[in-house]
2 protein chains.
Amino acid sequence: MSDAQAPEKRRAPAKEVKNSKEGDERHDAIYRSVSDAIVEQRLKPGARLREDALADVFGISRTGIRKILQRLALEQLVTLIPRRGASVTRPTADEAKDVFVARQLIECGLMPDVARRMGEKEAAELREMARQERQALRSGQQSVAIRLSADFHVRLAQLSGNATLAEFVERLCSRSSLILAVYGHRGHLGCESHDHDDLIGYLETGNGERAKAFMSRHLKAIEASLSMVEEEENVPDLQQIFGG
Amino acid sequence: MSDAQAPEKRRAPAKEVKNSKEGDERHDAIYRSVSDAIVEQRLKPGARLREDALADVFGISRTGIRKILQRLALEQLVTLIPRRGASVTRPTADEAKDVFVARQLIECGLMPDVARRMGEKEAAELREMARQERQALRSGQQSVAIRLSADFHVRLAQLSGNATLAEFVERLCSRSSLILAVYGHRGHLGCESHDHDDLIGYLETGNGERAKAFMSRHLKAIEASLSMVEEEENVPDLQQIFGG
DNA sequence: AATAGAATTACTGTATACAATAAATAGCAG
DNA sequence: CTGCTATTTATTGTATACAGTAATTCTATT
C-alpha cells in the first residue's frame, strides 16, 4: 500500500528475542499454576482474580491472562462475570449433586474397561500414586493430598483408553476439589486413605464388576461426607431470621 | 492524572453507542454462527479459518475472533496449531470411536432419569423437534437435519436435569456431526427418520429401561453406518504405494 | 531446466493504548 | 446526621500496532 517506509526498518531483527521457546509452553505452565492453586485450595472459592494482578505476578500482559482465565471459566473452575471480572467458582449444592451423579455414571462405567487393560506397569504406577497420597495425608499436607487424590482418579480414567471420557473425568475431579473446599469438613478428606489401594487390588485381578461396585461405594462415601448447606451470603433472609 | 482534558469530553456518552446490549451478546451470536456452520457442515473438516477473514466478515477485531476460536478449540470443533492458525477439526478414527463409546455410556445412562422426568409438555416439545427433523430431511436439507438431530439428543439430555452431563452430551453431539461429515455416506444421515419418535414413545410411558436399550441400538446404528477409513492426506506413503 | 537459497509476503502472537462501565467516595441538601 | 447525586477511581472490554515466524515467490547457479 504505502511505499513510504523507512528502508532500514526491514533490516532489523534476526534472533535477538527468545521469549517463546516452542508453542506456548509458558502459557500452559501459568495455566497449570493457577489451576493447581485452585484445586489445592490455596485459592479459595470466591477469591477474586484481577487481571492486572495476575499479569504482574506472572510477568506477561493481560492478553495472555485473559486467555487463561477464559479457559478456566470454560472448565468451570473460575466464574467470569461481564465487566466484573473473574473469581474462583463457588459451586452450588445443585451443581455439586450433578457432578457426583456424573462421576458415578462415568467413573463406574469405565471400571470394566480399566480392569481389562490393567497390567503390571499400570498397577505399579497407581500404587505409587496411592502411596504418595497417603504420605501427604499423614504429613498433614491436606492441600497436596486433595490434588493427588484427583490425579489418581484421572489417571484411572486415562487407563480406560478413552481420551474423551478421561477428559470429562478430569474436569469433574477438579470441580470436586472445589466442592470439597466449600462443603467438606475440615481435616477430613472424604475418602478413606486405603480405599484407592483396595480398588487397585480389584482391578489387578481383572474383576471389573467388583471394581465398579467398589468405585460406586467410594464415590458415595465422599459425597456423604459433605454437609450440603449453602452458606447464603447473598440475601440474609431477614424475613426468615426475624419476623414471622 | 493529567487535568488538561477537554471538559465537554465528559459530557458525551449517555446512550449513544449501543454496541453491547448486555454481557457480550454479540460475541455469543458470532460463536453460535460459526459453531452452527461447522455442525451443519457448511464449513467442512480441514477448512482454514483465518482470523483476518473472520474479523472482516463479522465486523469485529481479531481480538474477539481469537477468543471465539479458542473456545471452539477447547470444544474440539476447531484445531489450533501454533503459528499456523485455526482449521475445522478433522476427527481421527480413534477419536470417533471414543466419542461413540462416550455417547453410549452417558446417553444410555441418562435414559431412566429422562423417562422419570418426562411429562406432557416435554414429550410434545420433543415430538415437534422430531417433526422438524423429518421435514428437513424430506425437503433435502441434509445440513439442517444433521443439526436438528444433534439438537434433539442434547435436549433429551437436558431433560435429565443434570446440567453437567447435558453439557458433555452437547459437546459429543457437535463432534459427532464432524464425524458424520468425514466418515458418513453422502445422502444418508445414519439414523432412521422415525427412530426419534419411537424413542419418545418409550420415554412417555416411563419405560426407562426400554428407552435405554433403544438408545443403545440407535447409537450403534449410527456408528455402524460410518465407513471408518482415514483418508491419509498427510504423507502419501510412497514406500507403500511403489517399491516393496 | 531444476534446485538451493534469499527476499518477500501473509499470517499469527503479544503488548499496549484507549474506551466503557461499575464501584467507591465525596459533596450537598433536607 | 441521613440519604441522594456527582465525581473520581479501579478494572474490564476492544482495537490496533508491532514483532516474529511459517509459507511463498523469485533469482541465481550448476
Side-chain angles (χ1 to χ4, degrees), chain A residues 1-31 47-73 78-87 234, chain B residues 1-31 46-73 78-88 234:
Chain A
M1 296 80 190
S2 68
D3 43 356
Q5 295 245 358
E8 56 269 28
K9 189 71 170 297
R10 297 271 168 68
R11 196 77 200 78
K15 64 195 66 174
E16 191 168 9
V17 188
K18 192 55 170 295
N19 48 2
S20 73
K21 217 182 297 185
E22 182 196 62
D24 38 8
E25 211 170 86
R26 189 75 232 287
H27 278 200
D28 253 37
I30 296 174
Y31 161 79
R48 286 205 57 191
L49 301 170
R50 293 210 345 281
E51 299 179 352
D52 277 339
L54 289 171
D56 284 350
V57 167
F58 291 110
I60 63 173
S61 86
R62 276 178 49 219
T63 309
I65 295 295
R66 285 175 71 84
K67 194 162 92 176
I68 289 164
L69 286 178
Q70 240 181 253
R71 177 166 169 197
L72 289 165
V78 320
T79 301
L80 228 47
I81 303 175
R83 301 249 165 234
R84 298 284 299 279
S87 59
N234 26 21
Chain B
M1 291 83 178
S2 69
D3 43 357
Q5 295 244 2
E8 56 269 28
K9 188 70 170 296
R10 297 269 168 69
R11 197 75 199 82
K15 63 196 66 171
E16 191 169 10
V17 188
K18 195 55 170 295
N19 48 3
S20 71
K21 216 181 297 185
E22 183 195 61
D24 37 10
E25 209 171 87
R26 189 78 232 287
H27 277 202
D28 253 38
I30 296 174
Y31 161 79
R48 285 206 59 191
L49 300 170
R50 291 198 306 98
E51 298 179 352
D52 278 339
L54 289 171
D56 283 350
V57 167
F58 291 110
I60 63 173
S61 84
R62 276 179 49 218
T63 309
I65 295 295
R66 286 175 71 83
K67 194 163 91 176
I68 289 164
L69 286 178
Q70 242 178 247
R71 179 168 168 196
L72 289 165
V78 320
T79 300
L80 229 47
I81 303 176
R83 302 247 166 235
R84 300 283 299 279
S87 59
V88 178
N234 26 22

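First the proteins, then the strands, lettered A, B, ... as listed; each starts at 1.
- Comparing dC11(C), dT12(D), dG20(D) by their nearest atom to the side chain of Arg48(B) picks out dC11(C).
- Look at Arg84(A) and you'll find a side-chain N or O under 4.0 angstrom from OP1 or OP2 of dA23(C).
- Here the P atom of nucleotide dC11(C) and the CZ atom of Arg50(B) are 4 Å apart, to the nearest Å.
- For Ile81(A) and dG13(D), the CD1 to C1' distance is 16 Å, given to the nearest whole Å.
- Counting heavy atoms from C-beta on, the side chains of Arg48(B) and Val88(B) never come closer than 4.5 Å.
- Here dG13(D) is the nucleotide among dT14(C), dG13(D), dA23(C) with the atom lying nearest to any side-chain atom of Glu51(A).
- Near DNA chain D, defined here as any heavy-atom distance below 4.0 Å, the residues from residues 57-70 of chain A are Arg62(A), Arg66(A), listed numerically.
- When the salt bridge (Lys or Arg N to Asp or Glu O under 4.0 Å) test is applied to Arg71(B), the partners found at least two apart in sequence or on another chain are Asp28(B), Glu75(B).
- Taking CD1 of Ile68(A) as the reference point, atom CD of Gln70(A) lies at 11.0 Å (rounded to 0.5 Å).
- The CZ atom of Arg66(B) sits 12.5 Å away from atom CD1 of Ile60(B), with the distance rounded to the nearest 0.5 Å.
- What separates CG of Leu54(B) from P of dA15(D) is a distance of 14 Å, to the nearest Å.
- For Asp52(B), the side chain to side chain contact (heavy atoms under 4.5 Å, CB included) partners two or more places apart in sequence, or in a different chain, are Arg50(B), Arg62(B).
- Between the P atom of dA23(D) and the CG atom of Asp52(B) lies a distance of 17 Å, rounded to the nearest Å.
- Leu49(A) pairs in a side-chain contact (heavy atoms from CB on, under 4.5 Å) with only one of the listed residues (Leu69(A), Leu80(A), Thr79(A)), which is Leu69(A).
- Note: NE2 (His27(B)) to P (dT12(D)) measures 17 Å, nearest angstrom.
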